[in-house]
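A short write-up of the structure that comes next.
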Amino acid sequence: TWTGVAFTLGGQTMVAPMEEVAELMHVPAWTAMPGVKSWVKGVANVRGRLLPMVDIEAYFGGTLGSNSKSRRVIAVECEGLFVGLIVNELIGMQHFPVDTFVKQIPKDAGPFVEYTTGTYVHENKTWTVFSPFKLAKDRRFVNAAA
């Protein structure tokens with residue numbers, strides 16, 4: 001089986017590979033940072049480490065839903081970058097039979113297409129695999145200065 005963390009992004013159900021998720025958490029308090037793009041909400045202190053907080057919906061041109069209680073943070077650590085992605089909803093761990101993976105990217109992947117690696121089709125539901133590492137390596141994402 002393959003295991004990932006499922007969440008919603010742009011109204012779609014996504015699943016991130018477990019090996020690309022450092023931590024899952026409630027949204028911590030953060031301090032705003034001047035001179036950054038609007039999708040960078042600020043920086044939080046998480047057990048003594050500074051965690052930049054990114055509104056991932058805003059990065060892709062959307063908005064976070066009004067239910068702030070359902071929001072969660074997917075912390076990602078990749079090549080020295082430690083960042084928290086604020087998502088509308090965390091669905092939780094999902095397990096898929098490896099043979100249900102399809103490399104084809106769904107046509108409705110929209111702005112997420114370059115950060116996806118394929119889909120799992122399981123129990124008549126399609127789960128798009130979203131790679132936080134691909135996002136973390138993208139210069140447009142890393143260059144958060146306004």
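On a predicted model such as this, the values are computed, not experimentally measured, just so you know. Count residues from 1 along the sequence. The figures here come from the full heavy-atom set of this structure, side chains too, leaving out hydrogens, waters and symmetry mates.
Every pair tested for salt bridge (Lys or Arg N to Asp or Glu O under 4.0 Å) that includes a residue from residues 123-136 fails, sequence neighbours excluded, so the list is empty. The stretch residues 19-33 participates, sequence neighbours left out, in these salt bridge (Lys or Arg N to Asp or Glu O under 4.0 Å) pairs: Glu23-Arg47. Within the structure, salt bridge (Lys or Arg N to Asp or Glu O under 4.0 Å) pairs that include any residue of residues 73-85 comprise Arg49-Glu77, Glu79-Lys137 (at least two apart or interchain). For residues 6-18, there are no side-chain hydrogen bond (donor to acceptor under 3.5 Å, both in side chains) pairs, not counting sequence neighbours.
Contact annotation: the side chain of Ile74 never approaches that of Ile56 to less than 4.5 Å [non-hydrogen atoms, C-beta and beyond]. Using a 4.5 Å cut-off on side-chain heavy atoms (C-beta onward), Pro111 and Tyr59 make no contact. Residues His26 and Arg72 are in side-chain contact: their nearest non-hydrogen atoms beyond the backbone lie under 4.5 Å apart. Counting heavy atoms from C-beta outward, Asp138 and Glu114 have side chains that approach closer than 4.5 Å. Looking at Phe7 and Leu85, their side chains never come closer than 4.5 Å, going by heavy atoms from C-beta outward. Taking the side chain as every heavy atom from C-beta outward, Ile86 and Val73 approach each other to under 4.5 Å.
Taking all atoms of both residues into account, the shortest heavy-atom contact from Pro132 to Val76 is CB-CG2, 3.5 Å. Here the closest heavy-atom approach between residue Ala75 and residue Met25 is recorded as CB-CE, 3.9 Å. Looking at every heavy atom in both residues, Ala44 comes nearest to Ala29 through CB-O, 3.3 Å. Closest of all the heavy-atom pairs between Leu51 and Gly84 is CD1-N, 3.3 Å. The two residues Ala6 and Leu90 have their closest heavy-atom pair at O-CD1, 3.5 Å. Arg140 and Trp39 get closest at one heavy-atom pair: O-CZ2, 4.0 Å.
Residues forming a side-chain contact (heavy atoms from CB on, under 4.5 Å) with Leu50 (at least two apart in sequence, or on another chain): Val43. Residues satisfying the side-chain contact (heavy atoms from CB on, under 4.5 Å) criterion with Asn45, sequence neighbours excluded, are absent altogether. Applying the ring pair (Phe, Tyr, Trp, His ring centres under 6.0 Å) test to Phe112 and every residue at least two apart in sequence or in another chain returns Phe60. Judged as a ring pair (Phe, Tyr, Trp, His ring centres under 6.0 Å), and not counting sequence neighbours, Trp30 has no contacts. Partners of Asn88 by side chain to side chain donor-acceptor pair (under 3.5 Å), not counting sequence neighbours, listed by chain and number: Glu57. With sequence neighbours excluded, the residues forming a side-chain contact (heavy atoms from CB on, under 4.5 Å) with Val142 are Leu81, listed by chain and number.
Placement of Met18 and Val87 within a single hydrophobic cluster is found when ILVMFWY residues are connected by side-chain heavy-atom separations under 4.5 Å, directly or transitively. Linking ILVMFWY side-chain heavy atoms closer than 4.5 Å, directly or via other members, places Met53 and Leu64 in a single hydrophobic cluster. Side-chain heavy atoms closer than 4.5 Å link hydrophobic residues (I, L, V, M, F, W, Y) into clusters, and following such links, possibly through other members, connects Val36 to Phe141.
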Please list, one pair per line, the donor and acceptor atoms closer than 3.5 Å that link side chains of residues 91-103 to other protein atoms, with sequence neighbours excluded.
residue	atom	partner	partner atom	Å
His95	ND1	Thr3	OG1	2.9
Thr100	OG1	Pro97	O	2.6

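Membership of the apolar cluster around Ile105 extends to Val113, as traced through chained side-chain contacts below 4.5 Å between ILVMFWY residues.
Between the CH2 atom in Trp127 and the OH atom in Tyr120 there is a gap of 13.0 Å [rounded to 0.5 Å].
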Chi angles and distances behind the side-chain contact (heavy atoms from CB on, under 4.5 Å) call for Tyr115, Leu9: CA-CA 12 Å; Tyr115 308 105; Leu9 180 60; over 6 Å; no
Could you check Val129 against Thr116 for side-chain contact (heavy atoms from CB on, under 4.5 Å), going step by step and ending with a plain yes or no? CA-CA 5 Å; Val129 179; Thr116 61; 5.9 Å; no
